[in-house]
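Take a look at the structure below.
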Amino acid sequence: MTLLVTGGAGFIGSNFVLDWLRDHDEPIVNLDSLTYAGNLQNLGALEGDARHHFVHGDIADQPLVERLLAEHGVRAIMHFAAESHVDRSIHGPDAFIQTNVVGTFRLLEAARGYWGALEAPAKDAFRFLHVSTDEVYGSLSGTDPAFTELNRYEPNSPYSASKAASDHLVRAYHHTYGLPVLTSNCSNNYGPYQFPEKLIPLVIHNALAGKPLPIYGDGQQVRDWLHVGDHASALRAVLERGVPGETYNVGGWNEKPNLEVVHALCARLDALQPRADGQSYASQITYVRDRPGHDRRYAIDASKIERDLGWRPAETFDSGIDKTVRWYLAHGDWVAAVTDGSYRAWVSKNYQ
Ligand code: NAD
Ligand code: TYD
């Protein structure tokens, strides 16, 4: 029995792999093409651990995936691999279509062939868990109810449109071929090993470097925030107890405007590592040009996963933010290693 994890060197994938191998002996084959967002340092704690088998490769390489499934007798695919950053999808959508749409299609084809040849009970037990986002549902007004699994898909960015397309393919493989798929649609994650292009690690990194904390537009856009450890536990619940063909919304019950998130980060940094001049890090807040097509509000109604699978997040926003700020303060070496030349080129392109 083995799990195939795709994108397991990225932010959420590596947290999932580390959490899984802390609690289980079931091995993981980790397939990752190591884009700018993939980093083997995230998995350094697993060096020499025979339960973790890393494969450097692309999910769109169908023969490779077919070989891995057969050689390792995979019982489930946890599909994290994706291009995941909205701003990058605005500057260059091609990679998003290639990995999120074509890559997911190739992975589904490999899974269909492998699963189709399995015998019961392995065939009944097989699962394809597709890790997706709440962004497929589009944007809410301030008074709209939170997204349920029944909301229409109304993706607005090339990123969310590519994820929506992949969700539809996954759904179709269940309805057409009977592939036992599960889909999760999760809100914004934060925590260890998140690349400092996303809001929370970017703000921590810039604050400590004495750089501006860039707020798009008026900073009143709302997101729901979930600690990545809670996302990993939700995915374990979906894998073990989810019903094939079902989708599950995953969220933290933590809706916050961006400006409030940034102030919370500054307050933790002020307490844990005050600036030498005694001023608050909040004095570095700088309003910048808004993101084109910026979604105003996302909110997740996570009642179904709680009711059907008994899952609720363990962290509050305050406890999760405190842990995260402490992690970044203790891991300056990790941040320094990932903010290399290509990172600096991205920052000057996006914030010019
Ligand atoms: P990430 O960008 O940090 O990591 C993505 C990983 O996928 C990287 O390791 C990268 O090298 C790998 N990858 C990219 N293209 C690949 C390819 N063609 N073949 C193999 N590997 C490839 O992303 P993340 O934030 O960890 O997100 C993981 C998944 O969760 C994504 O599917 C994303 O859509 C979804 N998600 C993310 C969030 C969030 O807040 N970050 C929220 C909800 C859902
Ligand atoms: P991000 O972390 O990119 O996630 P997503 O776009 O998938 O929600 O952004 C979170 C919110 O923070 C989003 O409303 C955009 C905003 N934001 C800024 O205001 N400034 C920034 O520099 C970044 C990266 C994001």
Side-chain angles (χ1 to χ4, degrees), residues 5-16 30-40 42-43 55-61 64-65 78-90 95-96 98-100 102-104 106-107 130-136 139 156-157 159-160 162-163 166-167 184-191 193-203 205-206 212-226 228 231 234-235 249-251 256-259 261-262 285-291 294-298 300 338 346-347 350-351:
V5 170
T6 72
F11 163 48
I12 305 173
S14 63
N15 275 282
F16 177 85
N30 185 348
L31 174 64
D32 196 300
S33 64
L34 297 179
T35 68
Y36 76 93
N39 188 349
L40 283 177
N42 302 4
L43 302 160
V55 179
H56 185 196
D58 196 314
I59 54 166
D61 184 347
L64 169 66
V65 177
M78 305 293 292
H79 179 31
F80 295 91
E83 291 291 336
S84 69
H85 187 34
V86 174
D87 293 318
R88 284 188 194 253
S89 82
I90 294 168
F96 288 73
Q98 177 56 34
T99 284
N100 300 359
V102 178
T104 300
R106 290 284 162 218
L107 195 64
H130 177 58
V131 181
S132 193
T133 168
D134 61 355
E135 303 192 24
V136 297
S139 186
N156 290 320
S157 71
Y159 164 65
S160 55
S162 67
K163 290 296 290 188
S166 66
D167 291 11
S184 61
N185 293 93
C186 187
S187 59
N188 286 53
N189 283 215
Y190 65 95
Y193 302 117
Q194 187 168 29
F195 194 73
E197 63 183 356
K198 305 275 170 71
L199 181 69
I200 287 181
L202 180 102
V203 164
H205 174 61
N206 282 17
L213 311 182
I215 307 287
Y216 295 164
D218 63 3
Q220 293 307 316
Q221 301 84 5
V222 172
R223 299 290 182 264
D224 173 70
W225 294 95
L226 181 73
V228 66
H231 192 185
L235 294 174
N249 281 359
V250 182
K256 308 262 177 221
N258 293 337
L259 206 51
V261 172
V262 174
I285 288 176
T286 308
Y287 291 86
V288 300
R289 190 168 56 93
D290 207 354
R291 169 188 282 172
H294 198 168
D295 284 340
R296 196 67 184 164
R297 173 173 167 244
Y298 304 142
I300 277 275
V338 301
W346 160 252
V347 167
N350 196 46
Y351 299 98

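As the structure lists them, so they are numbered: ligands from 1, and atoms in each ligand from 1.
- The protein atom (non-hydrogen) at minimum distance from atom 26 (O) of ligand 1 is Ile12 N, 2.7 Å.
- Residue, atom and distance of the protein heavy atom nearest to atom 2 (O) of ligand 2 are Leu199 N, 2.9 Å.
- With Phe195, Tyr190, Phe80, Tyr159 as candidates, the residue nearest to atom 34 (O) of ligand 1 on a non-hydrogen basis is Tyr159.
- Among the atoms of His231, none of the N or O lies under 3.5 angstrom from an N or O of ligand 1.
- Looking only at distances, no side-chain donor or acceptor of Thr99 sits under 3.5 Å from a matching main-chain atom of Glu83.
- Contact annotation for Ser187 and ligand 1: only backbone heavy atoms (N, CA, C, O) come within less than 4.0 Å of the ligand.
- Here the heavy atom of the protein found nearest to atom 22 (C) of ligand 1 is Ser33 OG, 3.2 Å.
- For ligand 2, the polar-atom distance check finds an N/O of Tyr351 within less than 3.5 Å of one of the ligand's N/O atoms.
- Cation-pi geometry between Arg88 and Tyr36 is met: the NZ or CZ atom falls under 6.0 Å from the ring centre, inside 45° of the normal.
- The two residues Pro196 and Pro201 come nearest to each other via the heavy atoms CA-CB, 3.8 Å.
- Among all protein heavy atoms, the one lying closest to atom 19 (O) of ligand 2 is Tyr216 N, 2.9 Å.
- Residue Pro214 has at least one N or O atom closer than 3.5 Å to an N or O atom of ligand 2.
- Annotation: atom 4 (O) of ligand 2 to nearest protein heavy atom, Asn188 ND2, 3.3 Å.
- For Asn42 (side chain) and Ala9 (main-chain N/O), a donor-acceptor pair under 3.5 Å exists by modelled atom type.
- Of all the heavy atoms of His294, the ones lying under 4.0 Å from any atom of ligand 2 belong exclusively to the side chain.
- Neither the backbone nor the side chain of Ile200 comes within 4.0 Å of ligand 2, counting heavy atoms alone.
- Of all protein heavy atoms, the one lying nearest to atom 40 (O) of ligand 1 is Asn189 N, 2.8 Å.
- Here the closest heavy-atom approach between residue Arg223 and residue Arg296 is recorded as NH1-O, 3.8 Å.
- The nearest heavy-atom contact from the protein to atom 16 (C) of ligand 2 is Asn258 ND2, 3.4 Å.
- Considering only non-hydrogen protein atoms, atom 5 (C) of ligand 1 sits nearest to Ala82 O, 3.4 Å.
- Counting only heavy atoms of the protein, atom 3 (O) of ligand 2 lies nearest to Arg291 NH2, 3.1 Å.
- Atoms of ligand 1 lying under 4.0 Å from any heavy atom of Asn188, numbered from 1 in the order shown and given with element: 40 (O).
- Without hydrogens or angle criteria, Asn206 side chain to Pro212 main chain gives a donor-acceptor distance under 3.5 Å.
- Rounding to the nearest 0.5 Å gives a distance of 8.0 Å between CG of Asn350 and CD1 of Ile90.
- Each of the following atoms of ligand 1 lies closer than 4.0 Å to a heavy atom of Val131: 30 (O), 32 (O).
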Are Ser166 and His130 close enough, and set up right, to give a side chain to side chain contact (heavy atoms under 4.5 Å, CB included), and what steps lead you there?
CA-CA 9 Å; Ser166 66; His130 177 58; 3.1 Å; yes
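- Closest to atom 23 (O) of ligand 1, if we only count protein heavy atoms, is Ser84 OG, 3.2 Å.
- A pairwise comparison of heavy atoms in Gly10 and Asp32 identifies N-OD2, 3.8 Å as the closest pair.
- Interface of Leu202 with ligand 2, defined as ligand atoms under 4.0 Å from a residue heavy atom, comprises 22 (O).
- In this structure, Ile215 CD1 and Tyr287 OH are separated by 6.0 Å, a value rounded to the nearest 0.5 Å.
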For the pair Thr133 and Tyr298, evaluate side chain to side chain contact (heavy atoms under 4.5 Å, CB included) and give the outcome as yes or no after the intermediate values.
CA-CA 10 Å; Thr133 168; Tyr298 304 142; over 6 Å; no
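- Which parts of ligand 1 touch Lys163 is read off a 4.0 Å heavy-atom cut-off, strictly below it: atoms 31 (C), 32 (O), 33 (C), 34 (O).
- No part of His85 comes within 4.0 Å of ligand 1, judged by heavy-atom distances.
- Near Gly57, with a cut-off below 4.0 Å to any heavy atom, the atoms of ligand 1 are 19 (N), 20 (C).
- Each of the following atoms of ligand 1 lies closer than 4.0 Å to a heavy atom of Thr35: 10 (C), 11 (O), 14 (C), 15 (N).
- When each of Tyr159, Tyr216, Trp346 is tested with Asp87 by the rule side-chain hydrogen bond (donor to acceptor under 3.5 Å, both in side chains), just one qualifies, namely Tyr216.
- Taken to the nearest 0.5 Å, the CG atom of Asp61 stands 11.0 Å off from the CG atom of Leu107.
- Residue, atom and distance of the protein heavy atom nearest to atom 4 (O) of ligand 1 are Gly10 CA, 3.4 Å.
- For a threshold of 3.5 Å applied to N or O pairs, the pair formed by Lys198 and ligand 2 contains no separation below that value.
- Checked by distance only, ligand 1 and Leu31 stay at 3.5 Å or farther apart across all their nitrogen or oxygen atoms.
- If you look at Ser14 next to ligand 1, there are no close heavy atoms at all, none under 4.0 Å.
- Residues Asp58 and Leu64 are not in side-chain contact: their nearest non-hydrogen atoms beyond the backbone lie 4.5 Å or more apart.
- When all heavy atoms of Asn100 and Ser162 are compared, the closest pair comes out as ND2-OG, 3.0 Å.
- With hydrogens and angles ignored, the 3.5 Å screen pairs no side-chain donor or acceptor of Asn39 with any backbone N or O of Ala37.
- A salt bridge is defined here as a Lys NZ or Arg NE, NH1 or NH2 lying under 4.0 Å from an Asp or Glu carboxylate O, and Lys163 with Asp134 fails to meet this definition.
- Backbone and side-chain nitrogen or oxygen atoms of Glu197 are examined, and none is located within less than 3.5 angstrom of a nitrogen or oxygen of ligand 2.
- Contact atoms of ligand 1 toward Gly38: 8 (C), 9 (O), 11 (O) (distance under 4.0 Å to a heavy atom of the residue).
- Ligand 1 has a nitrogen or oxygen under 3.5 angstrom from a nitrogen or oxygen of Thr99.
- Geometrically, ligand 2 and Trp225 share no nitrogen or oxygen pair separated by less than 3.5 Å.
- Residue-ligand proximity, Ile215 to ligand 2, at heavy-atom distances under 4.0 Å covers atoms 19 (O).
- Nearest protein neighbour of atom 19 (N) of ligand 1, counting heavy atoms only, is Ile59 N, 3.0 Å.
- Only the backbone of Leu34 comes within 4.0 Å of ligand 1, judged by heavy-atom distances.
- Taking distance alone, with nitrogen or oxygen atoms compared against 3.5 Å, Val86 stays at or beyond that limit from ligand 2.
- Checked by distance only, ligand 2 and Glu135 come closer than 3.5 Å through their nitrogen or oxygen atoms.
- With respect to atom 44 (C) of ligand 1, the closest heavy atom belonging to the protein is Ser132 O, 3.1 Å.
- Side-chain contact check for Asn185 versus Asp167: some heavy-atom pair is nearer than 4.5 Å.
- The aromatic rings of Phe16 and Phe80 sit tilted, their planes meeting at an angle between 30° and 60°.
- Among all heavy-atom pairs drawn from Tyr193 and Ser14, the shortest one is CB-OG, 4.2 Å.
- Taking every heavy atom of His85 and a limit of under 4.0 angstrom, the matching atoms of ligand 2 come to 3 (O).
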